[in-house]
Amino acid sequence: KAMGCSCDWQRWAYTMDEQRARAVREAFFRLFKDNLIYRGKRLVNWDPVTQTSLADDEVEMQEVDGFFYYLRYPLCDRAGNPVTLRDPTGAAVGADNLSHITVATTRPETMLGDTAVAVNPKDPRARLLRGLFVRLPIVNRIVPIVEDSYVVLPVSLGGDPNDPKAQFATGFLKVTPAHDANDYELGLRHNLPIINVMAPDASISLDHGWLEAEPHIRETADPCLRSHLLGKGRDEARTAVVHFFRDNQLLQETRPYRHSVGHSYRSHVPIEPYLSDQWYLRVTDKRLAARANSVLAEDQRTLDTPVSSGTEGALQRRSQGTVRFHPARYAKTYETWHHNIRDWCISRQLWWGHRIPVWYVEFIQTFSGQGKTGSELDDRWKAHLKECEHRLRGYLEKQGISPDDLVIQEAGPLIKPGMGHLLVSRDPRADRILEKLAAERESEVCPADSDVAKLGLKSLRQDPDVLDTWFSSALWPLSTLGWPDPDIIKDQRSPLNRWNPSNVLCTAREIITLWVSRMVMFNLYFRDCVPFRDVCIVPVIQDGEGRRMSKSFGNGVDPLDIIQTHGADALRYTLASMATSTQDVRMPVEVDANTGKNTSPKFDLGRAFCVKLWNAARFVLMQLERSAPEQHTPATQSAGSGAAPVAQPAGDGGVCESLWTMADRWIVSRFNRTVGEATAALEAYRFDQYARTIYDFFWRDFCDWYLEAAKPQLRSEPQRTQTTRILAAVFDGALRLMHPLLPHVTEVLWWKLNEICPERGLPGRILTCTSPRLIRAAFPQDSRNYSEAAEHIFPRIQEIITAIRNLRNDHKVDSKKPVDVAILAPGDAARQIEAMRPAIEQMAVCRLTSVGAEVMPASGSVRASVGKCEIYVEGLIDTAAEEQRLARLRQELQRKIATLRGRLENEGYLARAPARLVQETRDQLAAAEAELARLSSS
RNA sequence: GGGCCGUUAGCUCAGUUGGCCAGAGCGCCGCCCUUACAAGGCGGAGGUCGGGGGUUCGAGCCCCUCACGGCCCACCA
């Protein structure tokens with residue numbers, strides 16, 4: 001609000017409120033029903049400090065100095081008897097015998113969970129080792145040697161020398177399925193046991209699967225396990241393991257190694273790959289990730305995404321829309337991410353978030369299994385469960401839960417034994433009913449005629465986890481507009497149907513994968529259309545040293561502080577001017593002397609522009625105020641509060657263009673060009689170009705030149721009337737043009753303008769707009785009413801003025817003292833200069849003594865050339881200085897002539913460059929030679 | 001390891017399909033408090049466009065390569 005963002009503040013929403021919760025429940029229900037949500041035992045990114053799993057993109061990779069430990073595992077047979085291989089040729093093992101193999105690892109503590117050692121089948125040693133085992137030190141586990149081509153061959157055995165892994169690999173890979181994602185996959189391929197040796201806090205523990213896998217481990221393991229490892233954190237455990245290997249001559253080598261390790265974005269400790277039960281969203285299903293890629297704008301696609309072809313496909317594409325990135329290169333980020341996506345772990349072990357709406361239901365076994373065979377038992381048990389399920393459905397239906405809003409399914413093999421069914425309802429009331437049942441079940445007295453007893457419920461509990469915050473965020477374009485309310489979905493005029501899809505999402509590049517992609521997937525899935533059409537990625541602001549701004553580091557600026565020191569419009573303008581198409585922009589940060597808060601001199605730019613606008617407005621409004629209202633011909637009909645520009649009748653419409661000066665024509669033409677440029681910049685999401693365009697127009701063209709040129713015009717009728725009209729119209733247009741970046745200042749000025757000069761406009765040239773509030777007024781339109789002549793001639797006048805100013809400055813003339821100027825100019829030019837005489841005299845502080853084709857320089861005058869005109873400034877007698885200046889000018893001209901001649905002597909240039917350019921070069925050469933001749937003749 | 005971005009004036013950044021002498025703001029120097037504006041006006045100095053090679057009549061821009069800075073992705077042997 002402080003920045004003046006015109007959001008619809010009535011539609012304020014909070015991620016965790018009722019409406020958003022309904023959307024989350026609906027989405028979860030539908031995805032679950034469509035078999036896109038599943039529970040799986042997988043390795044997750046585990047944060048041992050906050051004890052939650054993290055999504056892949058919540059893991060930050062950091063370079064860490066670590067070590068490679070080369071650990072020796074003794075070879076043995078199936079029974080554990082030591083084996084020493086003999087290789088008489090020595091070809092395979094590089095030695096004549098082999099009693100152990102060596103693995104390389106950065107995480108020695110995970111060896112406690114090793115369940116195999118892998119070797120590449122192409123490794124010559126693989127044949128020798130076939131059928132052998134190793135005895136894991138410390139735990140004394142006998143584990144097999146398996147062959148898998150995933151294992152990298154060391155360089156010495158023909159590995160790729162460019163693969164860094166091949167450089168430090170030994171050819172043997174320890175396999176720890178419970179603590180390494182690749183090892184997990186490898187373990188699945190070879191049916192290896194999965195032994196988790198860690199507690200959720202990443203300490204070594206028997207209690208999370210290890211003891212179940214190896215009931216006698218306490219007895220069989222080396223005492224070191226109990227004394228130095230159990231209960232110890234992973235770092236301590238690492239040291240203990242390394243010491244054990246060293247003390248037993250099993251540590252072959254330690255090499256320093258710098259590598260990147262995933263860290264938690266929450267606690268900043270290294271991630272532990274951890275085996276646990278989690279909920280997954282099957283984004284790998286083609287209805288999600290692949291579909292998200294298929295809506296990428298055709299010209300932004302690089303991968304071969306299957307897109308439905310033919311008329312049907314085209315129809316579908318048209319109805320679902322396309323997503324386009326600005327700048328286009330970010331499409332690749334989006335596309336690659338979807339292409340390489342893995343299923344999304346959506347459960348989080350946090351207390352804050354949307355609770356996963358899944359209930360676990362377990363029924364009581366009400367019959368005896370005595371004397372039955374296994375399969376008979378299975379059948380009876382299944383039938384019983386079916387009956388229980390049926391009864392529960394009926395019960396819920398009686399309580400008002402529609403069967404359509406309910407999914408009850410068997411929990412499947414991945415859920416812990418004893419967990420009979422999963423229940424998910426789309427109706428939030430189901431939770432109340434189930435909560436009541438659960439409470440009843442837990443109460444000490446549970447009468448036989450209670451619902452719980454009738455339903456045969458053994459246990460009933462809701463999943464304790466919450467959803468990843470991006471799950472609800474992904475629904476934002478839907479949930480903020482009333483989805484999933486059926487009325488809102490059906491009503492064509494509802495906010496959902498009006499604003500989804502929306503036009504543009506503006507965000508930062510790291511959000512592309514976290515949020516943009518998921519909004520697209522969900523919107524397509526639930527609504528069959530894209531959530532927005534354009535995605536505008538803006539640069540990230542860094543501090544003066546190129547570091548990311550961070551609250552805790554204190555190197556950032558607070559927008560509210562900037563609003564205090566510079567103003568909201570200055571903040572907006574400056575930020576827009578920094579929104580280039582690169583990735584990062586720097587903002588030097590310093591402490592404000594008055595407030596003690598962080599600020600940046602960058603914002604001075606915006607403030608200066610606001611001040612300039614304010615001052616120019618004071619001048620314009622003062623001039624308009626001095627003119628009687630009736631002098632303004634009514635040019636616009638009252639359009640009420642209408643925001644549309646009023647169509648102006650063609651023709652003169654009382655504009656009296658015959659009275660316009662070259663400056664008048666020029667500024668009107670420039671205004672229209674500027675509107676065109678600004679519109680193009682905005683359409684391309686080039687906010688920096690838009691900011692610069694309005695700056696150049698308003699400050700340079702309007703203030704520096706037009707207002708100065710207008711001053712003499714305002715002093716005399718009948719020009720005054722025309723000039724005030726033009727001032728009013730251009731100022732009106734400029735306010736509308738600049739309003740998006742400077743809403744506060746322009747709005748106030750608009751009110752003043754409406755008050756002082758309610759009737760304004762230049763029919764056909766500048767379409768003005770009556771609206772009490774600027775924010776409701778139309779953005780100006782480029783009327784394409786350009787004056788080529790004015791745009792050509794006025795800059796010549798500017799050059800003449802600048803030339804005179806230059807001569808004055810070079811000769812150190814008091815800036816208030818007028819000088820006499822004569823200008824030698826051919827007929828047309830002379831007339832144009834004559835017409836602009838008052839402006840030239842005012843702006844260059846001079847008197848034009850004579851202008852024409854016959855003008856001769858007075859003796860002692862100094863001179864300058866502008867095109868075909870010669871300017872003589874009289875009375876600045878300093879012969880030596882002038883001679884020096886002329887000599888410098890001659891030298892410059894000669895150099896220029898040489899360059900141009902060189903170009904024209906180049907045959908390739910003459911032959912291949914466009915004729916237009918060659919002609920231009922010829923003209924330039926002729927002009928330069930003529931000028932040199934004139935300078936030399938005097 | 002893959003990808004992306006950046007390297008242009010002391011600082012922060014523009015520079016559209018290759019085409020006049022590479023621009024702006026701030027800072028710096030000189031003059032000016034001229035009745036819109038000193039948070040301003042006028043004028044000025046300052047750049048081998050990161051290095052090297054190539055394509056082209058012509059390269060800040062296109063291609064190759066190297067260096068440096070930053071970011072994203074990737075299964076931490």
Side-chain angles (χ1 to χ4, degrees), chain A residues 43 56-57 61 64 66 68 103-107 118 150-152 162-165 168-170 172-176 180-185 257 259-262 270-271 273 329-330 332-333 336-337 340 509-510 512-513 539-540 542 544 546-548 577-578 580-588 600-602 604-605 607-623 680 684 686 688-689 692 695-696 700 703-704 707-708 802 805-806 808-810 812-816 842-843 845 892 895-896 899-900 903 906-914 916-917 920-921 924:
Chain A
L43 276 176
D56 292 344
D57 34 40
M61 300 310 280
V64 164
F68 252 121
V103 296
T105 181
T106 55
R107 306 182 57 211
Y150 170 75
V151 180
V152 173
N162 294 321
D163 180 355
K165 276 183 184 168
F168 49 69
T170 65
F172 296 106
L173 175 70
K174 63 191 276 302
V175 183
T176 324
D180 182 284
N182 297 308
D183 292 6
Y184 181 78
E185 298 292 326
Y257 179 55
H259 59 152
S260 64
V261 174
I271 287 299
R329 65 173 181 277
Y330 290 114
K332 202 168 160 186
T333 305
T336 318
W337 189 79
N340 300 329
R509 61 183 180 280
E510 74 268 21
I512 295 170
T513 52
V540 172
Q542 305 174 326
R547 292 169 304 205
R548 207 183 168 94
S577 72
M578 292 174 80
T580 63
S581 59
T582 55
Q583 294 200 147
D584 305 305
V585 285
R586 290 188 183 198
M587 175 180 281
S600 173
K602 276 257 172 191
D604 295 350
L605 170 71
R607 183 174 52 189
F609 191 44
C610 292
V611 171
K612 188 70 181 180
L613 169 57
W614 185 259
N615 285 319
R618 280 177 51 207
F619 176 77
V620 171
L621 294 171
M622 187 175 74
Q623 296 303 329
R686 285 301 305 268
D688 61 321
Q689 288 179 350
R692 197 159 33 83
Y695 183 99
D696 288 343
R700 304 274 85 97
C703 293
D704 288 353
L707 290 187
E708 293 307 320
T802 303
R805 284 169 172 174
N806 261 317
R808 296 175 54 97
N809 260 296
D810 283 355
K812 307 204 188 312
V813 180
D814 185 318
S815 54
K816 284 163 294 186
Q842 159 120 6
M843 296 171 82
V845 194
E892 271 172 32
R895 212 174 51 208
K896 185 173 172 181
T899 309
L900 293 171
R903 196 172 298 163
N906 183 335
E907 282 176 31
Y909 181 70
L910 294 177
R912 303 200 176 213
R916 175 182 62 82
L917 271 175
E920 210 172 278
T921 309
Q924 282 166 5

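Numbered from 1 within each chain, the chains take letters A, B, ... in sequence-line order.
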Q. Which part of the nucleic acid, if any, lies within contact of A/Ile271, taking any heavy atom under 4.0 Å across all strands shown: a base, the sugar-phosphate backbone alone, or nothing?
A. base

Q: Determine: side-chain N/O of A/Thr580 to OP1/OP2 of B/A14, distance under 4.0 Å, yes or no.
A: yes

Q | Within 6.0 angstrom of A/Arg700 CZ, more than 12 heavy atoms from elsewhere | A | yes

Q. When you measure from the side chain of A/Thr899, which nucleotide among B/C21, B/A77, B/C71 comes out closest?
A. B/C21

Q. Under 4.5 Å between any side-chain heavy atoms of A/Ile512 and A/Trp337, yes or no?
A. no

Quick one: which protein N/O atoms are closer than 3.5 Å to N/O atoms of nucleotides 61-63 of chain B? Pair and distance per line, please.
none

Q) So which nucleotide from B/C57, B/A77, B/C32 ends up closest to the side chain of A/Tyr909? A) B/C57

Q) Between B/A77, B/C37, B/A14, which nucleotide has the shortest distance from any of its atoms to the side chain of A/Val151? A) B/A77

Q: Please test A/Lys896 against A/Thr899 for side chain to side chain contact (heavy atoms under 4.5 Å, CB included), starting from the C-alpha separation and ending with a verdict.
A: CA-CA 5 Å; A/Lys896 185 173 172 181; A/Thr899 309; 5.5 Å; no

Q: Mind checking A/Asp704 for me? I need base, sugar-phosphate or nothing, with any heavy atom below 4.0 Å counting as a touch.
A: sugar-phosphate

Q: Measure the distance from CE on A/Met843 to P on B/G43 and round it to the nearest whole Å.
A: 10 Å

Q.
Checking contacts here: which listed nucleotide (B/G15, B/G19, B/C75) is nearest the side-chain heavy atoms of A/Asn182?
A. B/C75

Q | Distance below 4.0 Å between A/Lys332 side-chain N/O and B/C4 OP1 or OP2 | A | yes

Q: Looking at every strand, decide which applies to A/Cys703 at a 4.0 Å heavy-atom threshold: base, sugar-phosphate, or nothing.
A: base

Q) Which nucleotide, B/C21, B/C20, B/G43, lies nearest any side-chain atom of A/Asn809? A) B/G43

Q.
Base, sugar-phosphate or nothing for A/Phe609? Non-hydrogen atoms, less than 4.0 Å.
A. nothing

Q) According to a strict under-4.0 Å criterion, is A/Arg586 in side-chain N/O contact with OP1 or OP2 of B/C71? A) no

Q.
So A/Pro914, base contact, sugar-phosphate only, or nothing? Heavy-atom distance under 4.0 Å.
A. base

Q: Please determine, for the side chain of A/Thr802, which listed nucleotide (B/G15, B/G43, B/C42) has the closest atom?
A: B/G43

Q) Does one side chain, of A/Thr921 or A/Tyr909, offer a donor that lies under 3.5 Å from an acceptor on the other? A) yes

Q.
Give me the distance, rounded to whole Å, that separates B/C28 from B/C64 when you measure between the C1' atoms they each carry.
A. 40 Å

Q.
Whether A/Asn806 contacts B/G44 is assessed here as follows: a side-chain N or O lying under 4.0 Å from the phosphate OP1 or OP2. Is that the case?
A. yes

Q: Check whether any side-chain heavy atom of A/Phe68 lies under 4.5 Å from a side-chain heavy atom of A/Thr105, and answer yes or no.
A: no

Q.
Using a 4.0 Å heavy-atom cut-off, does A/Arg808 contact any base of the nucleic acid, only the sugar-phosphate backbone, or nothing at all?
A. nothing

Q) With A/Tyr184, which residues qualify under ring pair (Phe, Tyr, Trp, His ring centres under 6.0 Å), at least two apart? A) none

Q. Using a distance-only test with no angle check, is there a side-chain donor-acceptor pair under 3.5 angstrom linking A/Asn906 and A/Arg903?
A. no

Q.
Check this for me: does the side-chain of A/Glu920 come within 3.5 Å of the base of B/C20 through a donor and an acceptor?
A. no

Q) Taking side chain as C-beta onward, heavy atoms only, is A/Arg107 less than 4.5 Å from A/Pro273? A) yes

Q.
Could you tell me if the side chain of A/Met843 sits less than 4.5 Å from the side chain of A/Arg805, heavy atoms only?
A. yes

Q. Got a donor-acceptor pair under 3.5 Å from the side chain of A/Lys612 to the base of B/C37?
A. yes

Q: Could you please name the option among B/A77, B/C75, B/G15 that lies closest to any side-chain atom of A/Thr105?
A: B/A77

Q.
Side-chain N or O of A/Thr582 versus OP1/OP2 of B/A14: is the shortest distance under 4.0 Å?
A. yes

Q: Taking atom CZ of A/Arg547 as the centre, report whether more than 12 heavy atoms of other residues, nucleotides or ligands fall under 6.0 Å from it.
A: yes

Q) Are A/Val845 and A/Ser815 side-chain neighbours, meaning at least one heavy-atom pair lies under 4.5 Å? A) no

Q) With rounding to whole Å, what would you report as the distance between B/A39 and B/G27 at their P atoms? A) 11 Å

(Q) Main chain of A/Asp814, side chain of A/Arg808: is a donor-acceptor contact present, judged purely on distance under 3.5 Å? (A) yes

Q) Checking all strands, does A/Met587 fall into the base, sugar-phosphate, or nothing category for heavy-atom contacts under 4.0 angstrom? A) nothing

**Q.** Rounded interatomic separation in angstrom, taking CG from A/Leu917 and C1' from B/G18
**A.** 11 Å

Q. How far does the P atom of B/G23 sit from the matching atom of B/G1, given to the nearest Å?
A. 42 Å

Q: Report the residue (A/Asn906 or A/Gly544) whose heavy-atom-nearest nucleotide on RNA chain B is the more 5′ of the two.
A: A/Gly544

(Q) Given B/G70, B/U56, B/G19, identify the nucleotide with an atom nearest to the side chain of A/Arg912. (A) B/U56

Q: Tell me which of A/Tyr695 and A/Arg509 sits closer to the 5' end of RNA chain B, going by the nucleotide each one is nearest to.
A: A/Tyr695

Q) Can you tell me if the side-chain N/O atoms of A/Arg329 get under 4.0 Å from OP1 or OP2 in B/C71? A) no

**Q.** Pair assignment for RNA chain B - dot-bracket with | for other-strand partners, Watson-Crick or G-U under 3.5 Å
**A.** (((((((..((((.....[...)))).(((((.......))))).....(((((..]....))))))))))))....

Q.
In this structure, how many angstroms lie between the P atom of B/G70 and the CD atom of A/Gln583, rounded?
A. 14 Å

Q: Quick one: label A/Ala616 by what it contacts on the DNA or RNA (base, sugar-phosphate, nothing), any heavy atom closer than 4.0 Å.
A: base

Q: Please report, rounded to the nearest Å, how far the P atom of B/G40 is from the CG atom of A/Leu613.
A: 14 Å

Q) Hey, are the side chains of A/Arg692 and A/Ser577 touching, using non-hydrogen atoms and a 4.5 Å cut-off? A) no

Q: Let me know the distance between CZ of A/Arg895 and C1' of B/C20, rounded to the nearest Å.
A: 14 Å

Q. When you compare B/C49 with B/G60, how far apart are their P atoms, in angstrom units rounded to a whole number?
A. 7 Å

Q.
Measuring from the side chain of A/Arg107 (C-beta onward, heavy atoms only), which nucleotide among B/G43, B/C76, B/C13 has the closest atom?
A. B/C76

Q: Would you please confirm or rule out a distance under 4.0 Å between OP1 or OP2 of B/G44 and any side-chain N or O of A/Lys812?
A: no

Q | Side chain of A/Arg903 (C-beta onward), nearest among B/C21, B/C32, B/G19 | A | B/C21

Q: Give a yes/no answer on whether the side chain of A/Arg618 brings an N or O atom under 4.0 Å of OP1 or OP2 in B/A36.
A: no

Q. Atom OH of A/Tyr184 to atom P of B/A77: distance rounded to whole Å?
A. 20 Å

Q | Polar side-chain atom of A/Arg509 near backbone of A/Gln583 as donor-acceptor pair, under 3.5 Å | A | yes

Q: Could you tell me the separation between the CD atom of A/Gln623 and the C1' atom of B/C37, rounded to a whole number of Å?
A: 14 Å

Q. Quick one: A/Asn615 CG to B/U35 P, roughly how many Å, whole number?
A. 13 Å

Q: Give a yes or no on whether a donor-acceptor pair under 3.5 Å exists between the nucleobase atoms of B/C72, that is its base, and the side chain of A/Tyr330.
A: no

Q. Counting any heavy atom closer than 4.0 Å, what does A/Arg916 reach on the DNA or RNA strands: base, sugar-phosphate only, or nothing?
A. nothing

